[in-house]
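Each remark here refers to the structure printed beneath this line.
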Amino acid sequence: MSTNGRLLNYINGQWMESGAGAFLDVKNPATAQVMAQVPLSPAEEVHLAAEAGVKAFKHWRRVPAVERVQHLYKFKRLLEEHRDELSRLITNECGKTYAESQAEMQRAIENVEVACGIPSLMQGFNNEDIARGIDEHCFRQPLGVVAAITPFNFPGMVPLWFLPYAVATGNCFILKPSEKVPMTMQRIFQLLEQSGFPPGVVQVVNGAKEAVDAILDHPDIRAVSFVGSTPVARYIYERAARAGKRVQAQGGAKNPVVIMPDADMDMTTRIVADSAFGCAGQRCLAASVGITVGEARNIFVEQLADAAASRKVGYGLDEGVEMGPVITAESKARIEKLIALGEQEGAQVLVDGRNKKVKGYEDGNFVFPTILDHVPPKSEIARTEIFGPVFSLMHAETIEEAIALVNDRSYGNMACIFTSSGAAARQFRYEVNTGNVGINVGVAAPMAFFPFSGWRESFFGDLHAQGMHGVEFYTETKVVVERWPKEWSRKF
Ligand code: NAD
């Protein structure tokens with residue numbers, strides 16, 4: 001960071017002050033303290049990074065994969081050594097609890113670990129004698145310069161869904177982090193610098209729409225990875241595809257959870273409460289709609305209301321705090337307005353988290369856990385992504401009715417079922433239209449070696465983030481058919 005508290009861009013191996021005409025305050029959402037200022041970098045700074053990336057790519061793609069991953073091994077060690085510091089930083093700029101930040105960093109590190117296996121993962125395949133004396137090989141080659149645009153809710157993890165795979169496969173990578181939480185990546189890029197990546201291989205350009213549009217339009221940026229809200233994901237997908245790029249764009253969510261009457265209710269309540277209110281509901285895999293089936297309603301609703309009302313809300317670095325604030329004052333206002341909309345549409349506010357303060361943090365953006373009961377399935381509140389600690393309840397008589405409610409929505413990020421019946425679980429897994437499914441699991445977040453498999457309006461593209469999908473996204477296949485007639489060989 002420069003001495004005046006302004007964050008820097010990291011371009012061509014140099015930390016550079018941005019020539020931005022505007023800066024935004026980065027505020028701690030629990031204390032409202034201004035921690036830094038982030039530049040809204042102009043398009044020219046993206047162009048500089050793209051140019052440096054093109055130059056670096058000429059050399060980087062020729063570095064053997066086994067050597068490229070040595071930088072990632074070093075980076076992984078540095079992330080582990082600095083995990084505590086990074087977790088505190090995440091809590092301070094994003095609001096989640098220290099334990100949640102630690103878990104986020106764990107997931108981030110796992111992606112670096114998987115990408116360290118690139119020498120095996122990017123292997124091609126071949127056949128001898130596809131015709132007499134002719135062999136055919138398929139190689140994977142990197143694309144060139146690639147970029148990612150990331151959201152506020154996982155400042156440490158989401159950028160590392162992409163960066164490790166991109167650089168391990170031989171690409172040069174530009175990150176545009178969320179302007180709401182740019183500090184974690186500022187620190188992580190210092191660690192990347194220490195890991196010895198050559199200039200231009202990993203770069204960060206801070207900013208917002210102007211920087212994003214410059215990425216989408218730049219002719220030398222071959223692929224764009226995006227994570228954020230659905231309207232922006234759609235925009236990114238369309239504009240980048242129009243410019244001829246590969247795109248993977250992960251969008252928003254509204255994740256339903258079905259609770260069957262035969263579920264273990266104590267376990268279910270605990271897990272669903274963690275899923276709905278963990279990270280203050282600001283997780284794309286947060287449970288946000290509960291569908292109780294038959295008798296399940298009688299016990300589950302009461303137990304969940306108790307869990308919601310007793311959750312300890314506060315500053316995420318304080319002892320015993322189970323839920324932090326939401327990201328901004330605007331976000332808090334938007335969430336409280338949506339709760340009021342739910343009320344107007346006929347829902348009953350069973351636990352009301354509006355207009356509450358945390359002692360000592362009166363300026364924080366706190367919304368306490370909220371439960372809306374009897375939410376009409378066709379209402380706007382039943383379909384809108386709230387992205388806050390608000391859980392909506394609906395009721396169904398049968399599993400078929402519950403699955404119909406799950407599928408009657410535009411998002412397809414995740415759906416979960418809680419049951420002790422294998423048959424019910426199988427029917428659910430088979431029939432729901434979502435890319436991630438949890439069975440007696442509240443946040444079905446795929447491990448780094450599986451794709452993060454959103455469907456429908458939660459994802460635009462073909463290949464998802466993480467694992468082999470990441471490897472395929474960042475490489476193109478080259479098929480070589482070759483003939484070497486024996487008679488051409490010199491006789492020895
Ligand atoms: P957002 O869409 O507002 O912003 C995401 C990124 O897009 C940021 O870097 C931002 O600078 C940029 N951006 C915003 N508006 C833009 C515009 N008009 N033109 C160009 N760029 C623009 O999302 P957010 O509020 O930071 O994050 C929360 C959203 O992300 C939620 O909808 C959540 O569900 C989603 N999310 C999805 C996943 C997933 O895996 N599907 C994971 C995490 C978060």
Side-chain angles (χ1 to χ4, degrees), residues 8-16 18-20 39-63 65 68 71 115 118 122 139-150 159 161-177 185 189 192-193 197-228 232-233 235-249 460-463 465 470-478:
L8 303 174
N9 292 332
Y10 184 64
I11 297 176
N12 200 19
Q14 303 289 327
W15 288 99
M16 294 168 60
S18 170
L40 300 184
S41 302
E44 296 77 59
E45 289 170 11
V46 169
H47 299 167
L48 271 183
E51 207 178 297
V54 168
K55 210 164 121 224
F57 179 65
K58 291 197 178 90
H59 305 284
W60 183 242
R61 66 160 294 199
R62 291 172 198 280
V63 174
R68 289 197 299 256
H71 299 287
I118 284 294
M122 76 180 289
F139 295 93
R140 288 198 170 278
Q141 295 196 335
L143 302 173
V145 183
V146 300
I149 299 149
T150 53
W161 279 353
F162 306 112
L163 183 149
Y165 303 97
V167 298
T169 47
N171 298 281
C172 294
F173 180 85
I174 301 171
L175 175 70
K176 202 302 285 172
M185 276 298 135
F189 268 71
L192 282 163
E193 189 181 24
F197 286 97
V201 173
V202 287
Q203 307 187 84
V204 65
V205 180
N206 287 290
K209 186 165 171 52
E210 183 174 346
V212 171
D213 286 348
I215 288 172
L216 302 180
D217 295 341
H218 200 287
D220 289 328
I221 297 178
R222 296 278 325 276
V224 174
S225 304
F226 172 84
V227 181
V232 184
Y235 166 75
I236 301 280
Y237 183 69
E238 288 175 358
R239 187 158 170 166
R242 207 176 307 129
K245 301 180 197 308
R246 284 192 181 186
V247 198
Q248 47 181 194
F460 302 93
D462 308 285
L463 293 163
V471 177
E472 287 183 38
F473 183 75
Y474 289 123
T475 54
E476 50 197 346
T477 46
K478 182 178 274 180

### Contact check, side chains of V167 and W60, non-hydrogen atoms, under 4.5 Å
yes
### Query
Residues in side-chain hydrogen bond (donor to acceptor under 3.5 Å, both in side chains) with Q141, at least two apart?
K478
### Query
Around E51, counting heavy atoms of other residues, nucleotides and ligands shown, do more than 12 lie under 6.0 Å from its CD?
no
### Query
Side chains of S41 and E210: is there a donor and an acceptor less than 3.5 Å apart?
no
### Query
Which heavy atom in P39 sits nearest to a heavy atom in A20, and how many Å separate them?
CB-CB, 3.9 Å
### Task
Name all pairs fulfilling the side chain to side chain donor-acceptor pair (under 3.5 Å) condition that reach into residues 197-209, sequence neighbours left out, sorted by first residue then second.
N9-N206, K209-D213, K209-Y235
### Query
Between K176 and V204, is there a donor-acceptor pair closer than 3.5 Å when you use the side chain of the first and the backbone of the second?
no
### Rounded distance [0.5 Å steps], CD1 in I215 versus CD1 in I174
6.5 Å
### Message
Between E45 and S18 (side chain of the first, backbone of the second, donor and acceptor by atom type, cut-off under 3.5 Å), is there such a pair?
### Response
no
### Query
What is the distance from atom OH of Y474 to atom CG of L463, rounded to the nearest 0.5 Å?
11.0 Å
### Query
Which residues pass the side-chain contact (heavy atoms from CB on, under 4.5 Å) test with A208, sequence neighbours left out?
L40, E179
### Query
What pairs with E44 under side-chain hydrogen bond (donor to acceptor under 3.5 Å, both in side chains), at least two apart in sequence or on another chain?
none
### Query
How long is the gap from CG on D220 to NZ on K245, to the nearest 0.5 Å?
8.0 Å
### Parallel, tilted or perpendicular: ring planes of Y10 versus W15, cut at 30 and 60 degrees
tilted
### F57 CZ to R62 CZ distance, which is reported to the nearest 0.5 Å
9.0 Å
### Message
Any heavy-atom pair between the side chains of V201 and F173 that's under 4.5 Å?
### Response
no
### Task
Kindly indicate, with the supporting measurements, whether the criterion side chain to side chain contact (heavy atoms under 4.5 Å, CB included) is fulfilled by V224 and R246.
CA-CA 6 Å; V224 174; R246 284 192 181 186; over 6 Å; no
### Summary
One should read off an interatomic distance between E476 CD and R222 CZ, to the nearest 0.5 angstrom, of 4.5 Å
### Message
What I'd like to find out is whether the side chain of V202 reaches to under 4.5 Å of the side chain of F189, using heavy atoms alone.
### Response
yes
### Query
Distance-only, no hydrogens or angles: does the N171 side chain make a donor-acceptor pair with backbone N or O of V146 under 3.5 Å?
no
### Message
What verdict does the side chain to side chain contact (heavy atoms under 4.5 Å, CB included) test give for W161 and T150, after you've listed the backbone C-alpha separation in whole Å, the side-chain angles of each residue and the deciding distance to 0.1 Å?
### Response
CA-CA 10 Å; W161 279 353; T150 53; over 6 Å; no
#### Entry: Residues which pass side-chain contact (heavy atoms from CB on, under 4.5 Å) with M122, listed by chain and number, not counting sequence neighbours
R68, I118, R140, T169, V471, T475
### Query
Do L48 and N12 have side-chain heavy atoms sitting under 4.5 Å apart?
no
### Task
Identify the heavy atoms of G19 and P42 that sit nearest to each other, and give their distance.
C-CD, 4.5 Å
### Message
Could you walk me through whether V205 and I11 satisfy the side chain to side chain contact (heavy atoms under 4.5 Å, CB included) test, starting with their C-alpha distance in whole Å, then the side-chain angles of each, then the deciding distance to 0.1 Å, before giving a yes or no?
### Response
CA-CA 7 Å; V205 180; I11 297 176; 4.2 Å; yes
### Task
With sequence neighbours excluded, tell me which residues meet side-chain hydrogen bond (donor to acceptor under 3.5 Å, both in side chains) with Q248.
S225
### Query
Can you check side chain to side chain contact (heavy atoms under 4.5 Å, CB included) on V227 and F162, steps first, answer last?
CA-CA 10 Å; V227 181; F162 306 112; 3.6 Å; yes
### Task
Might you point out which heavy atoms bring A168 and A115 nearest each other, and give the distance in Å?
CB-O, 3.7 Å
### Query
Can you tell me how far the CG atom of L192 sits from the CG atom of L163, to the nearest 0.5 Å?
5.5 Å
